[in-house]
Amino acid sequence: MRFFTIILLIFVTVLAWTHLSGSISGVSLTSQPLKHGHSKAAKQEASVTGLTTQLARSSEDTAASIRSRGDNDSSSSIAVTPLKPHIGWVGHVFGERPPSGLRLEDAVRVASDNFGNLVWAYAAWQLLDHAAVEVVVMRHGVKVKVDALLMPTANLLFDATPYPKTPMAGHTNMLFAFSQSAAAPTLLIGIGSQVDFDQALGEEIAANKTKAASADFSAAAHVVLHKQQTQLLRQVQKSGGIITTRGKFTEAIITVNGLNPPLPIGCPSFMLNHNPRLGEVLQKKWDAVLAARSTKLRLAITMPAIPRSNEVPLHADLLAKRIFKLFPNSVAVLQTEEDAYTLRRLNAKHGVCLGAERVLFYYDAQSWIDGLKDFDFVFGFRIHGTMAALAAEVPGIVVSKDYRIKELAEAMALPSVDLLAAKLDDDSFDLFEFMDTLTSYEAAGFDQRRREAAAVYVREFERLKVPLNPGVAAIASS
């Protein structure tokens, strides 16, 4: 009995080895990407199967392969999918979408106190080819190894005098700490400045300027940055990364403060729609609106930002008297709780009581874009409400009330006019006549400007070995 047991064990062992050899010999397998710090475990696992392996990593630590060193069969190999570059991310994380149906006061606590911030942050998130990268969310006080650091931001730059009292003071220090600890190229994307037209010139200078002159970019020479701001900008440049600005005004502020010139290519929301001929689509719809000149058009109105302590300005009165009353299919698109308060004030002053179907707000960027697709036109005073509409292929006008909006509109070739120079009479304003006075998408070279901006992203992301969204690359090559 013992003899037969031994024979049976020998037979089973030979059969198992034959099966294993047949499974491995001459077969190339693909595994999941190896994670950082797992190379030792991978070797141990390979040795258990009787294979001697060698882990080879490129100098950029972005690829790995395991090659078999079989005694008699050099073709046996196990190929491991290249490691995805680890891209550090600082900002709002766009994972699971928020629940629908929230009230405005709840939505601002779940998403942002200004929903417009979600548009530019979402656009920066979408610059990445998420099929080819692993996003690492940066946490304060937690040091992780990344191959590059993406830090989208907005109105970061202020004049040194008001800067210490702004929330951006602490935010700037946080960004500096992240960039310094990452030990990798930093991409500071979409940086802008918060400067009112007359603020940069001073009241005395502005009083002696015409309205058009007070919005001239030469005012950038009057903005002196705080040392913490220049420290951050120098750190980003030292890292070998890039600084893209929202336009030439912020570019001028940075250079006049002694730093290397950044890349003034506008907001990343310029790239949200990947149609290389988006400008042609917008121009056709612009022309259709002018041809119709109908009060039945569906208009999406972006509300002006008005602090509760301020009086309602004339351009807000214009919305009540010349838009909401004359265009029954117009809707107000709110971005903040203050916008809702402004509507209530307009109702009290002008008897404009919009029903629930005419008051919209979106606290998810993609839902915002999708929700505007059925509109004919967007008009108002918020740049990112306008950019959400453009992503939905809806044309529009943004009125620039400060340098932030002005430089964005000019950098992205948007139909726009400065508030100080605009003819916005609340008794005689005509939307279609106003459109006739503006440079439209085709004349402004909208598509060409997008190609140029996309080409900068292609060049810089390739240099930094950060996988770029193929849709952005398609714009550049169109």
Side-chain angles (χ1 to χ4, degrees), residues 103-104 115-116 285-362 368 371-390 392 394-401 405 409 414-438 440:
R103 298 178 304 170
L104 178 62
F115 302 141
K285 292 185 176 181
W286 175 283
D287 293 341
V289 167
L290 279 177
R293 293 183 181 262
S294 171
T295 57
K296 295 180 181 180
L297 292 171
R298 292 202 72 199
L299 304 181
I301 306 303
T302 62
M303 303 294 295
I306 306 172
R308 298 190 181 201
S309 58
N310 289 13
E311 293 292 328
V312 175
L314 292 178
H315 55 271
D317 291 330
L318 175 149
L319 293 180
K321 297 165 65 176
R322 308 299 300 175
I323 299 293
F324 292 135
K325 284 188 176 182
L326 298 183
F327 292 85
N329 294 324
S330 61
V331 304
V333 182
L334 311 183
Q335 292 187 197
T336 65
E337 289 185 283
E338 283 69 27
D339 287 351
Y341 184 72
T342 297
L343 270 185
R344 291 195 293 271
R345 290 205 284 175
L346 290 178
N347 179 34
K349 186 175 181 180
H350 300 288
V352 177
C353 184
L354 303 183
E357 74 282 357
R358 294 185 65 188
V359 181
L360 306 177
F361 61 92
Y362 302 94
W368 195 342
L372 293 180
K373 288 182 178 179
D374 291 333
F375 282 84
D376 299 305
F377 201 77
V378 61
F379 172 79
F381 304 85
R382 292 307 231 304
I383 184 66
H384 291 108
T386 303
M387 297 310 295
L390 297 192
V394 176
I397 297 170
V398 60
V399 178
S400 305
K401 65 181 185 62
I405 297 178
L414 306 180
S416 179
V417 64
D418 299 340
L419 178 61
L420 297 175
K423 296 179 180 180
L424 300 176
D425 189 299
D426 61 320
D427 289 322
S428 62
F429 177 81
D430 182 282
L431 176 61
F432 306 115
E433 292 179 0
F434 189 66
M435 290 176 65
D436 285 330
T437 67
L438 301 181
S440 60

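We count residues from 1, following the sequence as given.
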Could you pull out all residues at least two apart from Lys373 that satisfy salt bridge (charged side-chain N to carboxylate O under 4.0 Å, His left out)?
Asp370
One pair to check against side-chain contact (heavy atoms from CB on, under 4.5 Å): Trp286 and Ile397. What are the steps and the verdict?
CA-CA 10 Å; Trp286 175 283; Ile397 297 170; 3.9 Å; yes
Hits for side chain to side chain contact (heavy atoms under 4.5 Å, CB included) against Asp430, two or more places apart or cross-chain, chain-then-number order -> Phe432, Glu433
Looking only at heavy atoms, what is the nearest atom pair of Gly385 and Val378, with distance?
O-CG2, 4.5 Å
Nearest 0.5 Å, please: how far is CG in Leu346 from CG in Leu343?
6.0 Å
Which residues pass the side chain to side chain contact (heavy atoms under 4.5 Å, CB included) test with Leu104, sequence neighbours left out?
Val108, Phe115, Leu334, Glu337, Ala340, Phe361
For Arg298, enumerate each residue passing the side-chain hydrogen bond (donor to acceptor under 3.5 Å, both in side chains) test, keeping only those at least two apart in sequence or located in another chain.
none
Sorted by chain and residue number, the side chain to side chain contact (heavy atoms under 4.5 Å, CB included) partners of Ser294 (sequence neighbours excluded) come out as Ala292, Lys296, Leu297
Between Phe375 and Val333, does a side-chain contact (heavy atoms from CB on, under 4.5 Å) hold up when you go through it step by step?
CA-CA 12 Å; Phe375 282 84; Val333 182; over 6 Å; no
Determine whether Arg358 and Val352 make a side-chain contact, defined as any pair of heavy atoms from C-beta on separated by less than 4.5 Å.
no
Which residue pairs pass the ring-ring contact (aromatic ring centres under 6.0 Å, His included) test with at least one member in residues 287-306, sequence neighbours excluded?
none
Using the salt bridge (charged side-chain N to carboxylate O under 4.0 Å, His left out) criterion, which residues pair with Asp426? Sequence neighbours excluded.
Lys321
Might you point out which heavy atoms bring Val394 and Leu390 nearest each other, and give the distance in Å?
O-CD2, 3.3 Å
Could you tell me the separation between the CG atom of Leu290 and the NZ atom of Lys285, rounded to the nearest 0.5 Å?
15.0 Å
Counting C-beta onward and ignoring hydrogens, is there a side-chain heavy-atom pair between Lys423 and Val417 closer than 4.5 Å?
no
Among Val331, Val289, Leu431, exactly one meets side-chain contact (heavy atoms from CB on, under 4.5 Å) together with Leu299. Which residue is that?
Leu431
Do Leu414 and Ile383 have side chains that get closer than 4.5 Å, going by heavy atoms?
yes
If I compare all heavy atoms of Leu326 with all of Pro328, which pair ends up nearest, and what's the gap?
O-CD, 3.3 Å
Mind listing the closest non-hydrogen atom pair of Met303 and Ala332 along with its distance?
SD-CB, 4.1 Å
Show your reasoning for whether side-chain contact (heavy atoms from CB on, under 4.5 Å) applies to Leu419 and Leu424.
CA-CA 8 Å; Leu419 178 61; Leu424 300 176; 3.7 Å; yes
Using a 3.5 Å cut-off and no angle test, enumerate the donor-acceptor pairs between side-chain atoms of residues 305-320 and protein atoms at least two apart in sequence or in another chain.
from, atom 1, to, atom 2, distance (Å)
Asp317, OD1, Lys349, NZ, 3.2
Asp317, OD1, His350, NE2, 2.8
Asp317, OD2, Lys349, NZ, 3.1

Please enumerate all residues that pass salt bridge (charged side-chain N to carboxylate O under 4.0 Å, His left out) together with Asp436, with sequence neighbours excluded.
Arg293
Can you list everything that forms a side chain to side chain contact (heavy atoms under 4.5 Å, CB included) with Ser416? Sequence neighbours excluded, please.
Val398, Ser400, Ala409
Nearest-0.5 Å distance that lies between atom CD1 in Ile301 and atom CZ in Phe377
9.0 Å
For Phe379, all residues meeting ring-ring contact (aromatic ring centres under 6.0 Å, His included), sequence neighbours excluded:
Phe429
